[in-house]
Amino acid sequence: MKRSGFTVMGKLIGLVKPLTGFMILAITMGLIGHLCASFITIFGGYAVLNVLGFETPVGLTAMFVSVAVFAVLRAGLRYGEQACNHFIAFKLLALIRDKVFRALRRLCPAKLEGKDKGNLISVITSDIELLEVFYAHTISPTAIAILFSALLCLFIGSYHWSLGLLALAAYLTVGLAVPLVTSRLSGEDGLRFRANSGGLSSFVLDSLRGLPEIQQYGQGQIRLDQMNGRTDTLSKDEERMKRTAGRNAAVTNTVLLIFDLAMLFGSAVLYVRGGVGFDGVLIPTVALMSSFGPVVALANLGSTLQNTFAAGNRVLDILEETPIVEEVTGKPELSFTGAAAERVCFSYGEETVLDNVSMDIPQNQIVGIVGCSGSGKSTLLKLFMRFWQVQSGQVCLSGRAVEGINTANLRDMESFVTQQTHLFHDSIRNNLRIAKLDATDAEIEDACRKASVHDFIMTLPQGYDTQVGELGDTLSGGERQRLGLARAFLHDAPFLLLDEPTSNLDSLNEAVILRSLSQTRRGKTVVLVSHRASTMRIADKVYSVENGRCVVLCYYVFRYE
């Protein structure tokens, strides 16, 4: 979603609310600090007037003392302002990351299945980091520039109202007109740069994951050329933005010189006409020359804000995206007594996957589901997990539609093992404990024995403390699958949803796991999706899902004992 710069700015400023006190403190210190810096120069002008015999507000000694005090104050206040700004910035970045991860959790998995993971990584890392420029170098400097410019206009205008208006025109031109024009000339450069940066991150991540295939088919050079092409495009975007920043600096310096000369010329004309004295020429001119610091800081933001707003826009896209499935709270807690699908219909866009599907899953039974690839078997399991929302009909647990069950309660009652088990870059023990954080070592080992993976783990040099490589690449597909099953056993939910749990296993390990699953019928209910006839032997009932329809295929009497 594309938002205007002012909209993005308003929404980002709204996030500062918890740190309003620190922001006010930063603005106050910054304002006083800039006034100290300007009045060092202004008091220098008064000192010249004093030496020339003109009457001045304070004596020469007081001026030198004041200048020394202003210099010390300026240093301390500048440090304090920057400390507050950066505290606000980094605190807010932490809060924004927390909000983004919470948003991603709400959107997962339905809204994230089609998302570009490399782009998401770019948003979570570089885009959020770029917002530091806005929070540390934009909000308080803007407020400081407005307040400081107003005070200096009043001070310069005290010598003559026309000089005050000239100062106001100078501040508005440098602090408002220049950055707005620069921002408009930048066009979509910032948004394009952030999008291309995310695309490059995605391409690199995809290339790293597919290195074995790239090497196998000799596509390394082609892939490298494509990566270099994307890098060159990104470099051109950045070069264009730097060129805009350079033009912005040149225009700003030129405007400063023009207004300094205009103030000198205007005050001189007033002096000739008797409108002001000599002090009305010297002091307004040196005051204007020494007071452009705050508005120049705004002018320099003109070329960088487009990039910042583009990053903010991408972050806000995640924060404001509406999840397909909302979290449910406040409902009565429920115990599992069986599940059912009743006339369920579901489609991905225009493609109908499930059409009027009904299925009964009695407590303490194993129900099998078979069907060709793409027939909707996995989708049906995701509807039981409420990863997706049923479009018509309903999916029930214990006689209640899943939409009326607290999300935490639903997750406690269910364990879901997918075809691809994700392993984190951590120890095997911690990868298993994600299913039950307070699990004892004995519980972990028992779950692994049921999943026929304990003996393999004990052959590793560090046993359960062995580190799993990036994305679990140090383990085979079968080993990862068995660890996924161990997680499900450890979670100890009464309702197990297993999607091809034995697809990567040999017949021996399959037999061990099927025996474990068969024994669970004493206290568990299992839905088992598989293409293997041998896996289906433990099922009490088997449904066939084809072309979106579901029928009872058969009842089995064979059991693993």
Side-chain angles (χ1 to χ4, degrees), residues 5 8-43 66-98 125-152 171 174-176 178-179 182-183 190 241-242 245 248-249 252-253 256 287 289-309 311-312 315:
V8 174
M9 186 184 298
K11 290 181 179 292
L12 292 178
I13 289 174
L15 297 174
V16 183
K17 192 176 295 183
L19 300 170
T20 302
F22 285 99
M23 183 60 72
I24 293 173
L25 181 61
I27 292 170
T28 302
M29 289 191 293
L31 176 60
I32 297 173
H34 279 292
L35 288 173
C36 287
S38 286
F39 273 88
I40 290 174
T41 306
I42 291 170
F43 271 35
S66 298
V67 167
V69 171
F70 290 159
V72 174
L73 277 176
R74 169 60 174 159
L77 290 169
R78 178 64 174 170
Y79 177 83
E81 177 204 352
Q82 290 299 307
C84 278
N85 278 333
H86 284 87
F87 172 80
I88 292 168
F90 294 124
K91 186 71 173 177
L92 282 173
L93 294 189
L95 291 174
I96 290 172
R97 285 192 178 95
D98 180 68
T125 54
S126 60
D127 283 354
I128 291 179
E129 193 66 31
L130 193 59
L131 295 182
E132 186 267 341
V133 174
F134 179 76
Y135 288 117
H137 306 291
T138 304
I139 299 179
S140 69
T142 300
I144 291 167
I146 293 171
L147 296 172
F148 178 82
S149 299
L151 292 175
L152 263 292
Y171 297 140
V174 175
L176 185 62
V178 170
T182 303
S183 178
M241 292 168 62
K242 295 293 185 184
N248 175 48
T252 300
N253 290 330
L256 293 181
M289 289 181 175
S290 65
S291 63
F292 277 118
V295 289
V296 166
L298 297 186
N300 292 336
L301 289 172
S303 56
T304 60
L305 276 182
Q306 280 297 318
N307 203 9
T308 305
F309 287 158
V315 171

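Along the sequence shown, residues are numbered consecutively beginning with 1. Every heavy atom of this structure was used, including side-chain atoms; hydrogens, water molecules and symmetry mates were not. Because the structure is predicted, anything quoted here is derived from the model rather than measured.
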Minimum heavy-atom separation for Met29 to Cys84, with atom names? CE-SG, 3.6 Å
Looking at every heavy atom in both Ser291 and Ser38, which two are closest together, and how far apart are they? CA-OG, 3.7 Å
With a 4.5 Å limit on heavy-atom distance, are the side chains of Ile144 and His34 in contact? yes
Of all residues at least two apart in sequence or in a different chain, which pass the side-chain contact (heavy atoms from CB on, under 4.5 Å) check with [X]?
X      : result
Val72  : none
Ser149 : Tyr171, Val295
Ile146 : Thr142
Ile139 : Ile13, Val16, Met23, Phe134, Tyr135

Residue pairs passing the salt bridge (charged side-chain N to carboxylate O under 4.0 Å, His left out) test with at least one member in residues 75-90, sequence neighbours excluded, are Arg78-Glu81
Derivation and outcome, side chain to side chain contact (heavy atoms under 4.5 Å, CB included), residues Leu256 and Val174: CA-CA 7 Å; Leu256 293 181; Val174 175; 3.8 Å; yes
Nearest 0.5 angstrom please: [X] [atom1] to [Y] [atom2], how far?
X     : Y      : atom1 : atom2 : result
Leu19 : Leu25  : CG    : CG    : 12.0 Å
Leu73 : Leu35  : CG    : CG    : 11.5 Å
Ile40 : Ser290 : CD1   : OG    : 9.5 Å
Phe70 : Thr41  : CZ    : OG1   : 11.0 Å

Restricting to pairs with a member in residues 82-93, which pass side chain to side chain donor-acceptor pair (under 3.5 Å), not counting sequence neighbours? Asn85-Ser140, His86-Glu132
Going by the side chain to side chain donor-acceptor pair (under 3.5 Å) test, which pairs reach into residues 21-33, not counting sequence neighbours? none
Parallel, tilted or perpendicular: which fits the ring planes of Phe22 and Phe87, with parallel below 30° and perpendicular above 60°? tilted
Using modelled atom types only, decide if a donor and an acceptor are shared between the side chain of Asn253 and the backbone of Ala249 within a distance under 3.5 Å. yes
Pairing residues for Tyr79 by the ring pair (Phe, Tyr, Trp, His ring centres under 6.0 Å) criterion, not counting sequence neighbours: none
